[in-house]
Amino acid sequence: MGLWVALIGGASGAFAVPAPVPGAASATSAPASTPARAVAPSGDAAGPSGSFADQVSVGFVLIPAVVRGKGGYVNDLVQKDFRLFVDGKQIPIESFEKGVGAPVSMVFLQDLSGSMGVAEKLDASREAVRYFLDQQQAGDQFALASFSGDLVQVDVPFTSDPQPLRETVAAWDASGTTALNDAVAWLPEITAEQLSLKRAAILITDGVDNRSTMTAEQARDMVRKAELPVYVLGLDSGSAYALGADGKKIWRLADTLNLLAALTGGRYYPIDGPYAMKEACAAIAEDLRHQYVLGFSTGGPGSTGFHSVRVELSSKSRTVSFRRGYRGPAPLPAAAPAK
């Protein structure tokens, strides 16, 4: 019997896309932006190169943050409890949102390559998606994408109707090679029209990559531009912190997956059985419901490029998870005090 057993309890608008060219996109979730989508339902991208290039004017950046203390999630903080830094300099927090009941937009990115066809990994993947669908609240929206070989395919565009997703996951089949990095790099394109405050991607994979034209670093950089937290369910991909007798990391793929999650503001969960999967799904759902969202304006002097972000709390006894940067203009300088 395989490792995985059940743990809990027709495609619509599908299109296939070629892998993006590194550095060709600068997608963002800034509310004022309207990205120009260059992927057609036929699978042909605009332009002779087959790549896409979103031109975005960043006006506002949103930083989701999750705060934990010794007793679990901390939900009673106010704006003055946070400090926000960009490129090492503290900046004003112009908007502050919280609320457990806020709707969530979530895209599932499913690995359907051949290596996912063993040890009942696809059954585990199905149960993971179904878990989130079963937890759906008013206003939540879900999308489903998959990758195998050279194709990244949006099987179900964002919808509040869970039925198309349920039908699609039931028909999953695993085959072909794995272009994991190329698929991850398409997340900004897949989520370009979703501008809700609480949004995330859930990548379900075993971490194998034997086909990508992009490096993991290039893919991470493109996702960070989209201000999209990526939560990773790594099936049999191991711990990112386990070391061998030589002091080197045992699970190299786990280290790559963990870095993707950490730098985008998500979390990596190594999955070695049904209980671990159930615990991971519950933790992700809790994370998304308990996010604070900090916002600030951009358009100030300085370089238009990648800017590091840091969030600090007034209390040192609590920890905060957040994405580590954004790509675009520098923050607007603080207004001078009135005389």
Side-chain angles (χ1 to χ4, degrees), residues 3-9 63-77 98-111 121 123-137 140-142 144 162 165 169 187 196-207 223 228-242 251 253-293 311 313 317-324:
L3 169 66
W4 301 102
V5 295
L7 55 111
I8 309 167
I63 305 295
V66 178
V67 180
R68 300 177 181 85
K70 293 182 179 179
Y73 291 95
V74 180
N75 301 315
D76 58 353
L77 299 183
K98 66 176 180 179
V100 174
V104 172
S105 296
M106 186 184 307
V107 57
F108 302 97
L109 180 59
Q110 175 66 41
D111 184 349
K121 294 177 186 177
D123 287 341
S125 301
R126 292 186 181 98
E127 295 301 333
V129 174
R130 290 166 182 159
Y131 177 91
F132 290 100
L133 299 181
D134 290 343
Q135 302 296 315
Q136 183 178 13
Q137 297 184 13
D140 290 349
Q141 288 196 322
F142 302 100
L144 181 64
L165 286 86
V169 302
L187 282 171
S196 58
L197 292 180
K198 292 190 175 184
R199 64 195 196 109
I202 297 180
L203 170 62
I204 309 176
T205 181
D206 57 11
V223 174
L228 182 71
V230 179
Y231 291 84
V232 183
L233 298 174
L235 306 185
D236 289 344
S237 54
S239 168
Y241 304 103
W251 303 93
L253 297 176
D255 195 44
T256 300
L257 296 174
N258 182 57
L259 194 56
L260 168 65
L263 291 179
T264 60
R267 300 183 76 184
Y268 165 68
Y269 294 90
I271 308 299
D272 58 4
Y275 181 77
M277 177 65 90
K278 185 175 181 179
E279 290 291 296
C281 290
I284 294 171
E286 286 290 290
D287 261 20
L288 296 177
R289 299 297 176 192
H290 292 85
Q291 281 182 354
Y292 298 89
V293 183
V311 177
L313 301 173
S317 63
R318 295 162 174 171
T319 60
V320 56
S321 300
F322 55 93
R323 66 186 185 88
R324 304 307 174 92

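Worth saying up front: this structure is predicted, and the values here are computed from it rather than measured.
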So, do [X] and [Y] sit near enough that their side-chain heavy atoms are less than 4.5 Å apart?
| X | Y | result |
| --- | --- | --- |
| V232 | L203 | yes |
| Q141 | P103 | no |
| L235 | I204 | yes |
| V230 | L109 | no |
| R267 | I284 | no |
| V74 | L313 | no |
| Y292 | V311 | no |
| R318 | L77 | yes |

Side chain to side chain contact (heavy atoms under 4.5 Å, CB included) assessment of V129 paired with F142: CA-CA 10 Å; V129 174; F142 302 100; over 6 Å; no
Side chain to side chain contact (heavy atoms under 4.5 Å, CB included) evaluation trace for D287 with R68: CA-CA 10 Å; D287 261 20; R68 300 177 181 85; 2.4 Å; yes
Heavy atoms of other groups near Y73 OH, more than 12 under 6.0 Å: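 Yes - once you tally the heavy atoms of other residues, nucleotides and ligands closer than 6.0 Å, there are more than 12.
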CG-CH2 distance between L257 and W251, expressed to the nearest 0.5 angstrom: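 Rounded to the nearest 0.5 Å, the CG-CH2 separation comes out at 12.0 Å.
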Value rounded to 0.5 Å, distance of CD1 in I271 from CD in E279: 10.0 Å
For C281 against Y131, the heavy-atom pair lying closest together: CB-CD2, 3.5 Å
R324 NZ/CZ over F322 ring centroid, <6.0 Å and within 45° of normal: yes
Whether Y231 and Y269 hold their rings parallel, tilted or perpendicular, with breakpoints at 30° and 60°: parallel
K98/N75 under side chain to side chain contact (heavy atoms under 4.5 Å, CB included): CA gap, chis, key distance, verdict: CA-CA 8 Å; K98 66 176 180 179; N75 301 315; over 6 Å; no
Test: D140 and K198 ion pair at under 4.0 Å: no
Ion pair check, R130 and E127, cut-off under 4.0 Å: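 Looking at R130 and E127, the cut-off is met.
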From CA spacing to verdict: side chain to side chain contact (heavy atoms under 4.5 Å, CB included), V169, F108: CA-CA 11 Å; V169 302; F108 302 97; over 6 Å; no
